[in-house]
Amino acid sequence: MLDSKLIEENMLEVKKKLDSRGAEFDFDQFSALDLGRKEIIKKVEELERERNLGSKKVGELMREGKKDEAGALQEDMKQLSSQIKDLGELRSKAEEEFRNFMLTIPNLPNDSVPQGKSEEDNKEIRKWGEPRKFDFEPKDHIELGSTLDILDLDRAAKITGARFALYKGLGARLERALINFMLDLHTNEHGYKEILPPFMANTDSFIGTGNLPKFEEDLFKIEDTNYYLIPTAEVPVTNIHRDEILKESELPIKYVAYTPCFRSEAGSYGKDVRGIIRQHQFNKVELVKFSNPDSSYEEHESLTENAERVLQLLGIPYRVVVLCTGDMGFSSAKTYDIEVWVPSEETYREISSCSNFEDFQARRASIRYRPSEGGKTRFVHTLNGSGLAVGRTVIGILENFQESDGSVTIPEALVPYMGGVTKISN
RNA sequence: GGAGAGGUGGCCGAGUGGUCGAAGGCGCUCGCCUGCUAAGCGAGUAAGGGGGUUAUUCUCCUUCGAGGGUUCGAAUCCCUCCCUCUCCGCCA
């Protein structure tokens with residue numbers, strides 16, 4: 001959520017920034033809602049003040065034994081009270097309307113974000129590793145997975161439906177190895193605390209991160225509850241500190257969490273239908289930070305580097321792009337995507353998205369800190385990034401490290417996690 | 001699932017209709033004091049919103065799990081929901 005005072009004071013700049021990301025913003029509606037809200041607050045509070053004074057007076061008169069006077073005053077206050085009640089309803093309505101309006105406005109892009117309309121305008125920042133030159137026709141992960149009998153999409157479809165995966169044998173082991181490898185790396189070497197959160201979260205949590213109220217169709221909802229399956233660990237982990245006031249000395253707080261992720265992928269039909277690129281359920285290790293606002297952009301860089309480190313240790317080529325204003329997610333102020341090289345497609349595919357949300361989520365979720373030198377509380381900055389999406393890492397390993405005989409070499413760093421297995425073959 | 005007890009400030013905890021945004025304690029901050037440390041003494045210490053000033057000061061409203069109700073007035077009485085604890089049942 002944006003700061004309404006900031007909008008009032010910088011309307012032109014806000015409009016320009018929202019335009020740059022292709023978002024509509026009706027400033028007239030904003031002003032009308034904001035002014036209407038303030039006006040009614042003023043009225044209600046005046047009446048409440050009158051009532052408080054009157055009620056106090058009634059108490060005094062009663063104690064002094066002036067029953068008649070007290071009774072008369074009570075009658076007046078009765079009138080006032082019902083007036084306050086009516087106005088109070090209008091007030092709640094006005095405040096709710098205003099909040100609902102504010103909840104649908106996306107975050108403002110940071111000034112360092114390149115202008116652009118779509119994916120096409122994203123800018124490559126850096127590349128790591130050389131895509132391998134194959135002296136044979138490389139297979140895609142679907143063929144490799146089924147030939148090696150480690151990935152069975154047909155049976156997954158039977159069990160559940162399209163866009164689910166069944167891993168078997170060393171395939172299942174590989175998924176588990178990667179999860180453990182990533183968690184160990186981030187906890188032991190990058191200083192994150194491991195979290196295992198619930199895989200469902202309630203409405204308030206989803207509002208906090210910005211998934212609701214606008215993107216409900218992307219989620220799986222649990223019937224007869226206000227719970228949804230999480231589409232990423234970002235939701236439960238960011239909400240760990242919802243409605244809390246942290247100490248400045250605790251910052252930055254760094255969490256890493258493995259969770260399955262559930263996405264209905266509404267609106268993506270026809271896209272990436274083959275294989276395990278886009279699934280309704282996938283595993284992900286997520287990095288989340290709560291940062292001092294003054295250093296959140298340094299934290300953003302280091303978080304991205306922490307995620308990249310996984311691919312470096314595995315030896316998979318990748319590149320980092322900064323998303324342009326038009327391609328960023330709703331809550332983000334700046335996002336780097338990490339993309340792995342996928343030989344069968346001869347292109348880079350997203351494997352991690354690392355974002356700084358500044359105070360956008362913190363304001364929605366009310367996550368604040370008290371400055372060490374005292375004074376008013378401030379909103380923290382929240383950040384997160386995949387470190388990494390596990391299924392897509394499997395694709396990277398299968399496709400990049402395949403041999404001409406259809407076997408796959410396990411990256412050295414992963415061998416201990418595979419129980420010493422160095423190769424998957426028939 | 002059944003029975004009971006509870007949810008109060010950073011924490012513990014008192015408070016059953018008005019002088020309660022809330023005793024007391026702990027913690028924290030500042031000052032004093034004492035060779036040092038500890039102890040002691042004194043003062044301060046919730047958040048959000050509106051108005052005013054915009055540097056500070058000021059003022060009003062709201063908030064005692066959430067929402068609704070009774071009342072001139074609710075932390076306190078009533079209803080619904082959520083959560084925690086104890087016992088019983090069930091269970092990986």
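The sequence lines fix the lettering, A, B, ..., with proteins before strands; numbering per chain opens at 1. Keep in mind the model is a prediction, meaning the values are calculated, not measured.
- Within the 4.0 angstrom heavy-atom criterion, no nucleotide atom of any strand lies near A/S366.
- The side chain of A/R63 has B/rG18 as its nearest neighbour among B/rG51, B/rG18, B/rC83.
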Review item, nucleotides 63-70 of chain B N/O atoms under 3.5 Å of protein N/O:
none

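- One interatomic measurement links the two molecules: CG of A/L35 to C1' of B/rG51, which rounds to 14 Å at whole-angstrom precision.
- For A/N107 and A/S331, the side-chain atoms include no donor-acceptor pair closer than 3.5 Å.
- A/E248 has its CD atom 14 Å from the P atom of B/rU29, to the nearest Å.
- Toward the 5′ end of RNA chain B lies the nearest nucleotide of A/I41, the other residue of the pair A/L73 and A/I41 mapping further downstream.
- The aromatic rings of A/H280 and A/F164 are tilted relative to each other, their planes meeting at an angle between 30° and 60°.
- Within the structure, side chain to side chain donor-acceptor pair (under 3.5 Å) pairs that include any residue of residues 67-77 of chain A do not occur (at least two apart or interchain).
- Between A/V58 and A/D34, the residue anchored closer to the 5' end of RNA chain B is A/D34, taking for each the nucleotide with the nearest heavy atom.
- Listed by first and then second residue, the side chain to side chain donor-acceptor pair (under 3.5 Å) pairs that reach into residues 200-213 of chain A are A/N202-A/S205, A/S205-A/R242, A/T209-A/N211, sequence neighbours excluded.
- Between the A/K168 side chain and the A/D152 main chain, no donor and acceptor come within less than 3.5 Å of each other.
- Under the 30°/60° scheme for interplanar angles, the aromatic rings of A/F25 and A/F27 are found to stand perpendicular.
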Watson-Crick and G-U pairing of RNA chain B written in dot-bracket, each distance under 3.5 angstrom, with | for inter-strand partners: ((((((((.[[[..)..(.....]]]((((((.......))))))((((((......)))))).[[[[[..)....]]]]])))))))....
Find every protein N or O atom lying less than 3.5 Å from an N or O atom of nucleotides 59-61 of chain B, and list the pairs.
| unit_1 | atom_1 | unit_2 | atom_2 | d |
| --- | --- | --- | --- | --- |
| B/rC61 | OP1 | A/N52 | ND2 | 3.2 |
| B/rC61 | O3' | A/E48 | OE1 | 3.1 |
| B/rC61 | O2' | A/E48 | OE1 | 2.6 |

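- Relative to the ring axis of A/Y192, A/K254 places its NZ or CZ within 45° and under 6.0 Å from the centre.
- Between the P atom of B/rG51 and the CD atom of A/E39 lies a distance of 11 Å, rounded to the nearest Å.
- Sorted by residue number, the members of residues 75-83 of chain A with any non-hydrogen atom under 4.0 Å from RNA chain B read A/M77, A/K78, A/S81.
- In this structure, A/Y297 has its ring center at least 6.0 angstrom away from the ring center of A/H381.
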